[in-house]
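Here is the structure we will look at, set down as structure tokens.
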Amino acid sequence: MRWAAQVTALLLVLMFGVFLGIDTAEQNIQKIQGNEGAPRAVHITPENGRVEISVMGHVVETENPVSEKNVQRVKQVKRSVEENSGILAKMGNEMGSGIREGARKAIEVIVGWLDSDGKNP
């Protein structure tokens, strides 16, 4: 368990460093070329409970809160998995859910920081 936490922490730091490096390099390239304000490689746009993330031209949109149709489908699948799986599968599912919720909270905090920076000149 300890090594899994260490590997996860190292991967998160590595991913953060890669995104920070891409962002810094892109800002400096745009500054040198004189076209500041052009579309960026990693661009996060929070609007009215939805978050749009653009990475290298690929756009991913999230909707928060999840629609009622999806909530019922998630509950149905979760119930089915719980009924038909062993203890290791249940532990894996709980761990996955925890990691997903943690990542979601971390992204919300980061987007909140970015959003508050944009509002305060």
Taking the side chain as every heavy atom from C-beta outward, state whether Glu101 and Arg104 have any atom pair closer than 4.5 Å.
yes

Any side-chain heavy-atom pair from Met91 and Met95 closer than 4.5 angstrom?
no

Counting only heavy atoms from other residues, nucleotides and ligands, does the tally under 6.0 Å from CD1 of Ile87 exceed 12?
no

Is a donor on one side and an acceptor on the other found under 3.5 Å between the side chain of Ser80 and the backbone of Gln76?
no

Asn28 (side chain) donor-acceptor with Thr24 (main chain) under 3.5 angstrom
yes

From the options Val13, Leu14, Leu20, select the one residue that forms a side chain to side chain contact (heavy atoms under 4.5 Å, CB included) with Phe16.
Leu20

Of the options Gln27, Glu26, Gln33, which is the one that meets Ile29 in a side chain to side chain contact (heavy atoms under 4.5 Å, CB included)?
Gln33

Would you say Ile110 and Ile22 are hydrophobically clustered, going by side-chain heavy atoms of ILVMFWY under 4.5 Å?
yes

Joining Ile, Leu, Val, Met, Phe, Trp and Tyr whenever any side-chain heavy atoms lie under 4.5 Å apart, the cluster holding Val7 also takes in Trp3, Leu11

